[in-house]
Amino acid sequence: MAGKTDKQILELPGYWLVAAIGASLLVVLLLMAGVQVEIDPANGVDRLFAVVAGTALLARFALRPGSSNAQRIARDAIDHIGLFALVCLVGALASYPLAAHTSGFDDVALERADRLMHFDWLAWYAFVAAHPLLQLGESIAYQSIFVTPVILLGYFAVSGRRAEARMLIASFWLAALITLLLFTLAPAQGPLAYMWRGHIPYMPESALYQSELIPLLRLHEVHSIAVTSLHGLVCAPSFHTVSAVLYIVAAWPIRRLRWPVLALNIAMLLATPVEGTHYLVDMLAGAIVAIAVSIFVRKSLPSLIATRRALPLDPLAIFLRRQRNGKLIQLLAQERSSGPRAMAILDEIDRRRLGD
């Protein structure tokens, strides 16, 4: 069954993902250097994280031949989860230098949009603050953003669905890129910092990081950050919402995962307004980003991959594929015999159906 699925979904080349994520990491490091922010080299937890990552990388190369099914599963699991974790890390790091380049806060517009939709964030927060068990449930649900991808990518590794795994990672990378770009256009403190007055009866998972860290980053007063304790600075669009939609889309074709993943991510979405200190409009924006990315990745990438695979290695054929239609007709007219070159031009014309 897994093999059949992989034939139906074209597999994104692994080096495309590695190149995209690697280039993103390089850009982020340059941005960090530009605002004088560095990763704390003395952080003990970060060092442990680096040891674990290095061990996983060594294991990945040791498993490269994949002589047994168990080795293939382990290799694919390291590939999938490792690349996904790297996307998460790059995205979280990127929010810091990007925040330093922002100005002002757009809470006024975001709160007004919520009022137009008759969404009362203060009432939602007060209800959660009055129910300790609900706080616990929301906290667990909000943190499931790290659990669902492990379930999905682990299942993809076990069932040999490499194509679906890479599609999810590509979607996540592209969605993170778009989210970060939109974040620079509409930075916000979040509804807790902007609307709540007086004593805070319940501190959500996202706390007041946006209102506290973003001004410090703008003033260049943050110079060192720990990889294992990065805080979410993006208010709009909500990346928890982006993630939830992408997870549901990835799990939907798989009957045994469809409903558990749907239930888990609905719970995460219900927890997001308070635990993520998000306006409802943040979440709607996140859903739009995720849906747009899912459509693009599933419609455009397969055709791009198919075209890439079908592209011949013959230099003449590659040259002809780069020419415009009129140029091809002109080249054919210049040929005085029906030799290999003329036949190649005719093949390219026939492929484009220019003679119809």
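Starting from 1, each residue takes its place in the sequence as its number.
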Test side-chain contact (heavy atoms from CB on, under 4.5 Å) on Leu284 and Met117 and set out the steps.
CA-CA 11 Å; Leu284 293 177; Met117 293 184 288; 3.3 Å; yes

Carefully, step by step, assess Leu246 and Ser294 under the rule side-chain contact (heavy atoms from CB on, under 4.5 Å).
CA-CA 7 Å; Leu246 292 179; Ser294 295; 3.4 Å; yes

Decide yes or no on side-chain contact (heavy atoms from CB on, under 4.5 Å) for Leu31 and Val37, but give the supporting numbers first.
CA-CA 9 Å; Leu31 287 172; Val37 174; over 6 Å; no

Given Asp79 and Arg60, is the side-chain contact (heavy atoms from CB on, under 4.5 Å) satisfied, shown in steps?
CA-CA 7 Å; Asp79 275 353; Arg60 167 62 182 85; 2.5 Å; yes

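Panel note: side chain Arg72, backbone Ala157; a donor-acceptor pair is recorded below 3.5 Å. In this structure, Asp107 contributes its side chain and Gln189 its backbone to a donor-acceptor pair below 3.5 Å. At least one donor-acceptor pair under 3.5 Å links the side chain of Asp114 to the backbone N or O of Val281. Counting only distance, with no hydrogens or angles, the side chain of Gln71 and the backbone of Leu63 share no donor-acceptor pair below 3.5 Å. Proximity of a side-chain donor or acceptor of His101 to a complementary backbone N or O of Thr184 within less than 3.5 Å is not detected. When atom types are taken as modelled, the side chain of Asn43 and the backbone of Asp46 share a donor-acceptor pair closer than 3.5 angstrom. The closest donor-acceptor contact from the side chain of Arg298 to the backbone of Met167 lies at 3.5 Å or more, if one exists at all. No donor-acceptor distance shorter than 3.5 angstrom exists from the side chain of Thr148 to the backbone of Ile145, with no hydrogens or angles considered. Judged by distance alone, with hydrogens and angles left aside, the side-chain atoms of Gln135 form no donor-acceptor pair with the main-chain N or O of Tyr202 at under 3.5 Å.
In this structure, SG in Cys88 is found 10.0 Å from CD1 in Ile169, a value given to the nearest 0.5 Å. Atom CE of residue Met203 and atom OG1 of residue Thr277 lie 10.0 Å apart, to the nearest 0.5 angstrom. The CG atom of Leu233 sits 10.0 Å away from the OG atom of Ser206 when rounded to the nearest 0.5 Å. Within the model, atoms CG of Leu110 and SG of Cys235 stand 6.0 Å from one another, a figure rounded to the nearest 0.5 Å. Residue Leu25 holds its CG atom at 7.5 Å from CG of Leu93, rounded to the nearest 0.5 Å. Here the CD1-CG distance, from Ile225 to Asp40, works out to 9.5 Å after rounding to the nearest 0.5 Å.
Residues Ala100 and Leu217 come closest through the heavy atom pair CB-O, 3.4 Å. Of all heavy-atom pairs between Ala193 and Arg197, the closest is O-NH1, 3.9 Å. Nearest approach of Leu185 to Asp106, heavy atoms of both residues: O-OD2, 3.2 Å. The two residues Val35 and His220 make their nearest non-hydrogen contact at O-ND1, 3.7 Å. Listed here is the closest heavy atom pair of Ala92 and Leu230: CB-CD1, 3.6 Å. Heavy-atom minimum distance, His278 versus Val234: CE1-O, 3.4 Å.
Two residues are said to be in side-chain contact when any heavy atoms from C-beta on lie closer than 4.5 Å; Leu328 and Leu332 fail this criterion. Gln143 places none of its side-chain heavy atoms less than 4.5 Å from the side chain of Met268. Counting only heavy atoms from C-beta outward, the side chains of Glu212 and Leu216 never approach each other to under 4.5 Å. Residues Phe239 and Phe183 fail the side-chain proximity criterion, which asks for heavy atoms closer than 4.5 Å. You'll find the side chain of Tyr155 reaches within 4.5 Å of the side chain of Arg256, heavy atoms only. Inter-residue side-chain proximity for Leu262 and Arg258 is flagged as unmet; no heavy-atom pair is nearer than 4.5 Å. Side-chain contact between Tyr209 and Ile214: absent, with no pair of heavy atoms (C-beta onward) separated by less than 4.5 Å. In this structure the side chain of Tyr125 reaches within 4.5 angstrom of the side chain of Pro201, judged on heavy atoms.
Residues Leu182 and Trp173 are members of one and the same hydrophobic cluster, defined by side-chain heavy-atom contacts under 4.5 angstrom among Ile, Leu, Val, Met, Phe, Trp and Tyr. By the criterion of side-chain heavy atoms lying less than 4.5 angstrom apart, applied directly or through intervening Ile, Leu, Val, Met, Phe, Trp or Tyr residues, Val249 is not grouped with Ile151; the two fall into different hydrophobic clusters. In the hydrophobic clustering of ILVMFWY residues, with side-chain heavy atoms under 4.5 Å counting as a link, Leu213 and Leu192 come out apart. Using a 4.5 Å cut-off between side-chain heavy atoms of Ile, Leu, Val, Met, Phe, Trp and Tyr, with links allowed through other members, Val128 and Leu269 fall into different hydrophobic clusters. Under the 4.5 Å side-chain contact rule for hydrophobic residues, Tyr194 and Leu122 share a cluster.
When the shell of 6.0 Å around CG of Leu116 is examined, it contains more than 12 heavy atoms from other residues, nucleotides or ligands. Shown here is Glu335, whose CD atom has more than 12 heavy atoms of other residues, nucleotides or ligands within 6.0 Å.
Annotation: Tyr279 is not in aromatic contact with Trp121 [ring centroid separation under 6.0 Å not met]. Between His131 and Phe127, a ring centre-to-centre spacing shorter than 6.0 Å is recorded. Less than 6.0 angstrom separates the ring centroid of Trp259 from the ring centroid of Trp252.
Each of Tyr247, Phe146, Tyr142 was evaluated against His240; a single residue qualifies, Tyr142, per the ring pair (Phe, Tyr, Trp, His ring centres under 6.0 Å) test.
Other cluster members for Leu136: Ile140, joined by side-chain heavy-atom distances under 4.5 Å among Ile, Leu, Val, Met, Phe, Trp and Tyr.
There is no side-chain donor-acceptor pair under 3.5 Å between Ser103 and Arg218. No side-chain donor from either of Glu38 and Ser224 sits under 3.5 Å from a side-chain acceptor of the other.
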